[in-house]
Amino acid sequence: MLNPAQIEKLKAIVGERNVLTGQEDLLAYSYDAATMWTHLPDAVVIPQTLQQIVQIVNLAADGKIPITPRGGGTNVSGGSIPIRGGIVLCTTKMNRIININKATLVAELEPGVLLLDFQQALAKEGLFYPPDPQSAQGCTMGGTIAENAGGPYGVKYGVTKQYLLGLQVVLATGEVVNLGSKTIKNRMGYEMATLFCGSEGTLGIVTRITVRLLPVPKAQKTMFAVFGDIESAGEAVSRIIGAGIIPAKIEFVDNWFLRRIEELTHMGLPVEAEALLLVQCDGYPQSVEAEIEQVLNICRDMEAGETRAAVDQAEADRLWQIRKSAFGAIYSSSPTILSEDITVPRDKISALIKKCRDAGKKHGFDVHFTGHAGDGNIHPSIQTDFNNKENFQRALKAVDEMVEAALELGGVVSGEHGIGLEKQRYMKQGIDPLALDLMKKIKKAFDPDNIFNPGKYWEE
């Protein structure tokens, strides 16, 4: 608990307007984008400079006050919830794009830069930063580092850690450390910057980010295929990858999502289809045309229904809007949604879908599917109600069995949403006990008093 004297010290550091203690303000920072957990911080502090963060960390360390770093709060696993109270350190006013170097394909920026703003700035230069989570309009670059964000481009281009070159970080001691470099190759010791990628704010406060960029592909083309069952759509993905084709994106939605999105948007979707597969290829125009034709033929061999390429970019944009609408479609449909983020090897997608359906049926639920099928990252969702305890407990049991199924198939408990509070109970199942012990020792080494985002990652 922060005392009045500590509050006044925080105001002296960042200015009175940048320390929020009113009840309405604290409520706004007590939850994330999707989970059921809430907890009020004692104060929200909004720094604008590196030196301010150093002073905040020193104050917190002296008083053993928890600090929960936060960007846009769009995370969906509870990582930004101040479960132990204390300070929410919000970086949204540290929002400068410091440098975009077209000659070296490297950019430097502060953690509060919105991903969408960064993408738009790069587009003006003909450049491309592939990590593209669905929350791009509201998430910050610091948040994408904390969560090792992915998105549809993961199948071909990878996730955030593949583009991270360097970080500036404030440690629990108040010291500032520079990790990594501005070069593409760097073999000077351990990959320390990458260690912070996906750490969910448990090791330090990121204050500057260096990432590598790519040129915008010369051409891109989108196709779609409708399937009579979702397992066939999953099998088609395995066949596409098995044929040596690596599209930029491979996404799918099932019949429930198609009907729900049509109900909300009136886009004219094929609501009779059990699954819709969306594929985008990019690169040089000639190779893009050849790859799209191969993908179309594979889907036709799988006895897909309507199967064709988008006639123009406007139609392609409409098709991708279907996938972008999925999050809003499911979360507006029920008082509580349990939407998982399990990932399996790509050739196990069909098996995972079947096991998830069986788990849902066993406990009395329909399971709805969407996801990044191209990298095996599936989001099975269950509609429930936290206030109906019996129903909610059955839903949790179904989720437990879906996660167990993913692990049995050689998968992981989270592909991109992170651990936070949501996945803590699975860490002992999903990680080698020795590896888990090493993680705890790393946390202790960086943060011996456990002030950075305490209560996250593993059950204590």
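The pair K362-E401 counts as a salt bridge, with a side-chain nitrogen and a carboxylate oxygen less than 4.0 angstrom apart. Ion pairing between a basic and an acidic side chain is recognised when a charged N comes within 4.0 Å of a carboxylate O; D366 and K361 show no such pairing. Using a 4.0 Å cut-off between a side-chain N of Lys or Arg and a carboxylate O of Asp or Glu, R259 and E262 do not qualify as a salt bridge. Contact check on E404 versus K355 returns no salt bridge, with no Lys/Arg side-chain nitrogen under 4.0 Å from an Asp/Glu carboxylate oxygen.
In this structure, K456 forms no cation-pi arrangement with F452, as its terminal cationic atom is not both closer than 6.0 Å to the ring centre and no more than 45° off the ring axis. A cation-pi arrangement, defined by a distance under 6.0 Å to the six-membered ring centre and an angle within 45 degrees of its axis, is present between K249 and Y153.
Pairs passing the ring-ring contact (aromatic ring centres under 6.0 Å, His included) check and including a residue from residues 13-55, sequence neighbours excluded, do not occur.
With no hydrogens or angles considered, a side-chain donor-acceptor pair links T384 and N391 at under 3.5 Å. Between the side chains of H372 and E251, at least one donor-acceptor pair of N or O atoms lies under 3.5 Å. No side-chain donor-acceptor contact under 3.5 Å links N453 and T202.
Heavy-atom contacts from other residues, nucleotides or ligands closer than 6.0 Å to NZ of K182 number 12 or fewer. Q137 CD: 12 or fewer foreign heavy atoms inside a 6.0 Å radius. Atom CD of E390 has more than 12 neighbouring heavy atoms from other residues, nucleotides or ligands inside a 6.0 Å radius.
Results of the side-chain hydrogen bond (donor to acceptor under 3.5 Å, both in side chains) test with H379 over E416, Q134, E340, H368 single out E416 as the only residue that passes. Of the candidates L213, T144, T140, N95, L213 is the only one forming a side chain to side chain contact (heavy atoms under 4.5 Å, CB included) with F118.
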Practice item. Assess whether side chain to side chain donor-acceptor pair (under 3.5 Å) is satisfied between Q168 and T207, documenting all intermediate values. Key: CA-CA 5 Å; Q168 182 186 74; T207 54; 2.7 Å; yes
Check your understanding: side chain to side chain donor-acceptor pair (under 3.5 Å) between N75 and S80: does it pass, once the steps are laid out?
Key -> CA-CA 7 Å; N75 60 289; S80 67; 2.7 Å; yes
Exercise for review: Check the pair Y157, Y129 against ring pair (Phe, Tyr, Trp, His ring centres under 6.0 Å), reporting the backbone distance first and the verdict last.
Suggested key: CA-CA 9 Å; Y157 292 102; Y129 180 70; over 10 Å; no
Point to revise | Verdict with reasoning, F257 to F369, per ring pair (Phe, Tyr, Trp, His ring centres under 6.0 Å) | key: CA-CA 8 Å; F257 276 98; F369 296 89; 8.9 Å; no
Practice item. Evaluate the criterion salt bridge (Lys or Arg N to Asp or Glu O under 4.0 Å) for residue pair K428 and E459; output intermediate values, then yes/no. Key: CA-CA 9 Å; K428 290 180 181 177; E459 294 175 313; 5.2 Å; no
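One finds the CD1 atom of I337 at 8.5 Å from the OG atom of S332 (value rounded to the nearest 0.5 Å).
For W320, there are no ring pair (Phe, Tyr, Trp, His ring centres under 6.0 Å) partners, not counting sequence neighbours.
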